[in-house]
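A quick write-up on the structure given underneath.
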Amino acid sequence: MNFDKNSLAALLKLSDEELISVIKEIGAEAGIGAENLKIGKGDLMKIRTFLRFANDDDIKSLLTQFGGKKQ
């Protein structure tokens with residue numbers, strides 16, 4: 001799982017359903033079962049806000065939590 005600003009911009013362009021699917025895939029890679037990920041509209045708004053304003057340190061921290069690395 002590698003992200004940069006272009007990857008984040010691409011995520012922001014996804015529909016709600018597509019973004020939820022990506023989040024569940026990332027969760028599955030991190031060992032979190034999809035049944036444990038309940039994502040509502042409010043959650044998506046918060047996720048999109050985070051992605052929109054994330055800086056390099058935020059991205060690095062998030063990826064470290066999920067076992068990935070920043071490109």
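All values below were derived from every heavy atom in this structure, side-chain atoms included, with hydrogens, water molecules and symmetry-related copies excluded.
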- Item | Gap separating the CZ atom of Phe53 from the CG atom of Leu8, nearest 0.5 angstrom | 13.0 Å
- Note on the structure: dist Ile39:CD1 -> Glu17:CD (nearest 0.5 Å) comes out at 11.5 Å
- Derivation and outcome, side-chain hydrogen bond (donor to acceptor under 3.5 Å, both in side chains), residues Ser21 and Glu18: CA-CA 5 Å; Ser21 178; Glu18 291 169 324; over 6 Å; no
- Carboxylate-amine/guanidinium contact Asp16 Arg48, below 4.0 Å: yes
- Message: Taking salt bridge (Lys or Arg N to Asp or Glu O under 4.0 Å) as the definition, give me every residue that meets it alongside Arg52, ordered by chain and number, with sequence neighbours left out.
- Response: none
- Task: Output the distance between atom CD1 (Ile59) and atom CG (Leu51), rounded to the nearest 0.5 Å.
- Result: 8.5 Å
- Note on the structure: To the nearest 0.5 Å, atom CG of Leu19 lies from atom CG of Leu44 at 5.5 Å
- Query: At what distance, to the nearest 0.5 angstrom, does CD1 of Ile23 lie from CD1 of Ile47?
  - Reply: 3.5 Å
- Backbone N or O of Asp57 within a donor-acceptor pair of the Ser61 side chain at under 3.5 Å? no
- Item | Hydrophobic cluster membership, Phe50 vs Leu14, 4.5 Å side-chain cutoff | yes
- Non-neighbouring partners of Lys38 that pass salt bridge (Lys or Arg N to Asp or Glu O under 4.0 Å), sequence neighbours left out: none
